[in-house]
2 protein chains.
Amino acid sequence: MTSPGAATAPSKRGRGEKSSATIYDIAKLAGVNPSTVSRALSKPGRVSAKTQKIIEDAAEQLNYQVNPFARALPTGRTQTIGLIVADITNPTFFDIIRGAETTGSARDYTLVLAESAESPETEVTAARRLLSTVDGLILASPRMDDDHIRALSADKPVVVINRQIDGVPCVVPDVNKGISEAVRSLAANGHTNLAYVAGPAQSWMTGRRWEGVKAACEWSKLGAVRLESSKPTVDGGRQVARDVLDSGATAVITYNDLLAIGLMQELQAGGMRVPDQISIVGFDDIFGADFTTPALTTVRSPLGECGTRAVTILLDVLQGHDAPDEAVSVETELVVRGSSGRLLA
Amino acid sequence: MTSPGAATAPSKRGRGEKSSATIYDIAKLAGVNPSTVSRALSKPGRVSAKTQKIIEDAAEQLNYQVNPFARALPTGRTQTIGLIVADITNPTFFDIIRGAETTGSARDYTLVLAESAESPETEVTAARRLLSTVDGLILASPRMDDDHIRALSADKPVVVINRQIDGVPCVVPDVNKGISEAVRSLAANGHTNLAYVAGPAQSWMTGRRWEGVKAACEWSKLGAVRLESSKPTVDGGRQVARDVLDSGATAVITYNDLLAIGLMQELQAGGMRVPDQISIVGFDDIFGADFTTPALTTVRSPLGECGTRAVTILLDVLQGHDAPDEAVSVETELVVRGSSGRLLA
DNA sequence: CAATTTTTGGCAACCGGTTGACAAGGGTGG
DNA sequence: CCACCCTTGTCAACCGGTTGCCAAAAATTG
């Protein structure tokens with residue numbers, strides 16, 4: 001076998017002798033032309049049932065697997081979708097990643113993951129790099145500006161999660177339902193003054209949520225103030241505790257659960273009783289939100305479903321369907337746990 | 001431009017007119033042969049400094065980017081590594097994913113992610129599928145058997161995390177240090193009987209950790225019993241609470257943090273005070289382990305570092321270095337928080 | 001049964017790089 | 001001045017599929 005040009009053997013490879021039979025090997029075995037093999041294996045109905053069978057058997061026998069690169073080269077199709085998240089350490093994205101991976105692999109697509117580390121520049125770079133190797137791209141809570149996203153979107157299908165951009169398919173949780181449930185519940189429990197702890201300024205969602213809170217409070221005749229946090233983390237939540245107390249609010253809704261958890265820890269450390277003296281409502285319902293004591297009441301944002309929906313839209317577009325013209329909205333809902341309740345003045 | 005064979009324009013593409021200049025375009029612009037361009041761009045020093053410069057300028061001007069598929073086809077190199085995790089929802093893997101992604105992208109490799117959903121069969125399928133498109137593969141806490149892993153490893157470089165397999169490079173936390181710290185700390189706090197809550201039988205790690213606990217308890221002259229859990233989750237932890245109480249142990253070390261959290265919740269719900277009446281020590285130090293009240297004492301397993309190390313080894317192997325012959329071990333350490341302490345009989 | 005249409009398979013070009021073989025050009029030493 | 005060697009660019013084959021075009025074969029129709 002060391003002689004050059006091994007005659008009948010399927011094309012050899014570096015070391016593993018198992019892999020890599022080619023359509024040429026199949027063609028030889030089946031006694032047809034390689035192009036016929038290609039058609040039999042990808043174009044349904046293009047060849048007669050008889051030859052189809054012969055070829056399939058030969059492929060089976062040789063343990064054939066298409067070479068994705070060889071296919072991608074002329075067609076551009078890679079059976080791959082890219083997902084870019086702002087921060088892999090942020091549990092908010094865990095569910096999105098999971099939803100996307102699961103849905104993608106159910107439809108035979110592989111997920112390629114990249115992180116922007118919260119930097120718009122890194123994000124653009126990563127997006128460009130990925131874009132050349134995937135069939136489509138999903139941007140979860142993107143940090144780059146709208147124009148960059150539109151530019152990417154002109155190249156290949158792009159779906160955005162957690163942000164709304166005209167002309168680009170988006171999946172955006174409709175925060176209003178969850179927020180109004182939360183505010184109504186707080187009002188019913190005797191609260192009259194509410195504080196909203198905002199997230200990072202460059203997050204599109206933080207504004208959206210504040211709008212929702214403001215509107216719901218007006219409707220329920222609650223006072224609402226907006227407080228700023230230094231960063232949307234547990235630590236940020238701790239730091240904002242002072243402002244919360246100063247604000248005089250007895251109920252707080254935070255931009256995300258991490259802030260809520262930090263805030264609750266700090267308030268409890270200062271001797272406040274939750275929810276007897278102050279109610280805290282988080283946002284998202286991340287993993288671990290129910291680990292706290294009391295467990296965190298929160299507005300659940302169906303992150304996993306966002307991932308799923310985004311992939312579904314993307315794959316549909318890839319199959320030639322039209323993208324929905326409007327942002328797809330998924331519902332949020334209040335999850336009542338122990339951190340909110342009646343005010344015991 | 002509708003006329004066929006557009007003459008001078010760089011090769012056109014579906015719609016986006018920006019992307020995809022080829023080495024042929026560069027060659028034409030620079031007045032050299034395409035192969036020279038290829039060499040200038042990949043083989044350092046193969047062409048003269050002068051032509052190198054000319055070509056680089058031309059590439060710059062045309063905004064050239066290699067076509068990864070065209071490159072992968074003849075060479076097999078894809079600048080891509082695959083990572084397979086047992087369960088994307090399990091926070092244990094979050095840090096691994098993150099470590100791998102970060103380290104990979106720092107060395108210009110893209111991470112491709114797949115999940116086995118805890119099923120050995122799915123895992124093998126996913127592994128095979130990925131293997132054909134990546135340069136190397138990382139298996140985090142694999143569920144498939146050793147032989148399958150060795151088979152994969154014969155095809156392309158494979159690195160395993162959280163399991164030790166002869167002949168395959170592995171990254172395995174050395175649990176002994178962390179465990180003995182934990183046991184010593186418990187002994188010093190007056191505990192004499194300890195229970196270990198085990199994880200799933202097919203997990204290599206659960207046995208390893210039990211060995212460590214047993215040995216450390218012998219050394220510190222503590223009694224040690226092993227209890228089985230139905231599943232390594234919060235729920236599984238709740239269910240095992242009964243057995244823990246029955247065992248008479250006043251200190252518990254669990255296979256992972258999720259079990260510890262569930263166990264603590266259930267015990268507290270039953271009126272037990274932690275750590276006054278019972279001490280609980282988890283394993284891994286996952287995200288959220290410090291959200292509980294009291295915060296969870298745990299043996300930290302440096303998951304992120306495991307991801308990083310695994311990628312480093314993999315990329316080194318890909319560059320022709322030898323893999324370490326022995327399993328690479330990373331240190332574990334005890335993180336003392338509130339859930340363990342002195343026994344107040 | 002011949003004429004016509006529809007299937008079906010083959011040919012060959014192409015996707016965009018990589019690389020072994022080779023020859024022209026340039027430099028060195030005898 | 002010539003032989004020899006090294007550097008550098010070119011040629012051409014190749015990686016493994018896909019696809020437009022054409023002709024042979026089969027099926028349909030009058």
Side-chain angles (χ1 to χ4, degrees), chain A residues 4-6 10-14 19-56 58-59 62-79 132-133 135, chain B residues 4-6 9-14 16 19-56 58-59 62-79 132-133 135:
Chain A
S11 71
K12 70 284 155 190
R13 178 63 98 210
S19 61
S20 75
T22 72
I23 58 169
Y24 297 92
D25 300 324
I26 298 179
K28 208 177 298 173
L29 187 64
V32 298
N33 188 283
S35 61
T36 306
V37 175
S38 172
R39 289 195 177 101
L41 264 29
S42 41
K43 298 268 190 300
R46 178 62 223 280
V47 303
S48 69
K50 202 176 58 199
T51 34
Q52 177 88 25
K53 176 102 179 58
I54 298 177
I55 289 172
E56 276 171 1
L62 292 175
N63 190 344
Y64 170 78
Q65 296 177 231
V66 293
N67 178 323
F69 310 117
R71 173 172 291 177
L73 189 46
T75 63
R77 279 180 266 121
T78 67
Q79 293 286 103
S132 65
T133 66
D135 289 349
Chain B
S11 72
K12 72 286 157 190
R13 177 63 97 210
S19 61
S20 75
T22 72
I23 57 169
Y24 297 92
D25 300 325
I26 298 179
K28 207 177 300 173
L29 186 65
V32 297
N33 188 286
S35 61
T36 306
V37 176
S38 173
R39 291 203 172 91
L41 264 27
S42 40
K43 299 265 188 301
R46 177 65 223 285
V47 303
S48 69
K50 202 175 59 198
T51 34
Q52 177 90 25
K53 175 101 178 60
I54 297 177
I55 289 172
E56 276 170 1
L62 292 175
N63 190 343
Y64 171 78
Q65 294 178 233
V66 292
N67 178 324
F69 309 117
R71 173 164 357 218
L73 190 46
T75 62
R77 280 180 267 121
T78 67
Q79 292 286 101
S132 64
T133 66
D135 289 349

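Proteins come first, then strands; the chains are lettered A, B, ... in the order of their sequence lines, and each starts at number 1.
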Could you list the residues that satisfy side chain to side chain contact (heavy atoms under 4.5 Å, CB included) with B:Arg71, not counting sequence neighbours? B:Ser42, B:Val66, B:Thr75, B:Arg77
Check the distance between D:dC15's P and B:Leu73's CG and give it to me in whole angstrom. 9 Å
Give, for atom CD1 of A:Ile23 and atom CG of A:Asn67, the distance between the pair rounded to the nearest 0.5 Å. 10.5 Å
Among the nucleotides C:dG17, C:dT19, D:dG17, which one has an atom lying closest to any side-chain atom of B:Arg77? C:dT19
Below 4.0 Å: OP1/OP2 of D:dT19 and any side-chain N or O of A:Lys43: yes
Taking every heavy atom of A:Tyr64 against every heavy atom of A:Leu41, the minimum-distance pair comes out as CE2-CD2, 3.7 Å
Expressed as a whole number of angstroms, how long is the span from A:Gln65:CD to D:dG17:C1'? 15 Å
Show the distances under 3.5 angstrom between N or O atoms of the protein and N or O atoms of nucleotides 9-13 of chain C.
{"unit_1": "C:dG9", "atom_1": "OP1", "unit_2": "A:Ser48", "atom_2": "OG", "d": "3.0"}
{"unit_1": "C:dG9", "atom_1": "OP1", "unit_2": "A:Thr51", "atom_2": "OG1", "d": "2.6"}
{"unit_1": "C:dG9", "atom_1": "OP2", "unit_2": "A:Ser48", "atom_2": "N", "d": "3.0"}
{"unit_1": "C:dG9", "atom_1": "OP2", "unit_2": "A:Thr51", "atom_2": "OG1", "d": "3.2"}
{"unit_1": "C:dG9", "atom_1": "N7", "unit_2": "A:Arg46", "atom_2": "NH2", "d": "3.1"}
{"unit_1": "C:dG9", "atom_1": "O6", "unit_2": "A:Arg46", "atom_2": "NH2", "d": "2.7"}
{"unit_1": "C:dG10", "atom_1": "OP2", "unit_2": "A:Asn33", "atom_2": "N", "d": "2.7"}
{"unit_1": "C:dG10", "atom_1": "OP2", "unit_2": "A:Thr36", "atom_2": "OG1", "d": "2.6"}
{"unit_1": "C:dG10", "atom_1": "O6", "unit_2": "A:Arg39", "atom_2": "NH1", "d": "2.9"}
{"unit_1": "C:dG10", "atom_1": "O6", "unit_2": "A:Arg39", "atom_2": "NH2", "d": "2.8"}
{"unit_1": "C:dC11", "atom_1": "OP2", "unit_2": "A:Asn33", "atom_2": "ND2", "d": "2.8"}
{"unit_1": "C:dC11", "atom_1": "N4", "unit_2": "A:Ser35", "atom_2": "OG", "d": "3.3"}

Name all residues meeting the side chain to side chain donor-acceptor pair (under 3.5 Å) criterion together with A:Ser48; count only those two or more places apart in sequence or in a different chain, and write none if there are none. A:Thr51
Interatomic distance, A:Arg71 CZ vs C:dG16 P [rounded to whole Å]: 18 Å
Check B:Tyr24 against B:Pro34 and note the closest heavy-atom contact, atom names and distance. CD2-CG, 3.4 Å
Rounded (10°) bend between the five-pair end axes of the helix from C:dC1-D:dG30 to C:dG30-D:dC1: 40°
Spacing of B:Ile23 atom CD1 relative to C:dT18 atom C1', expressed in whole Å: 8 Å
Using a 4.5 Å cut-off on heavy atoms from C-beta on, say whether the side chain of A:Thr78 contacts that of B:Thr133. no
What's the CD1-C1' distance between B:Ile55 and D:dT10, to the nearest Å? 12 Å
Looking at C:dG17, D:dT19, C:dT19, which one has an atom nearest to any side-chain atom of A:Ser38? D:dT19
Return the set of residues passing side chain to side chain donor-acceptor pair (under 3.5 Å) with B:Lys43 (not counting sequence neighbours), or none when no residue passes. none
A:Asp135 versus A:Gly76, closest heavy-atom pair with distance: OD1-O, 3.5 Å
Could you tell me the separation between the NZ atom of B:Lys28 and the P atom of C:dG17, rounded to a whole number of Å? 13 Å
Whole-Å distance between C:dG17 C1' and B:Leu41 CG? 11 Å
For B:Ala30, check side chain to side chain contact (heavy atoms under 4.5 Å, CB included) against everything at least two apart and list the hits. B:Val32, B:Ile54, B:Ile55, B:Ala58
Between CD1 of B:Ile54 and C1' of D:dG9 the distance, given in whole Å, is 12 Å
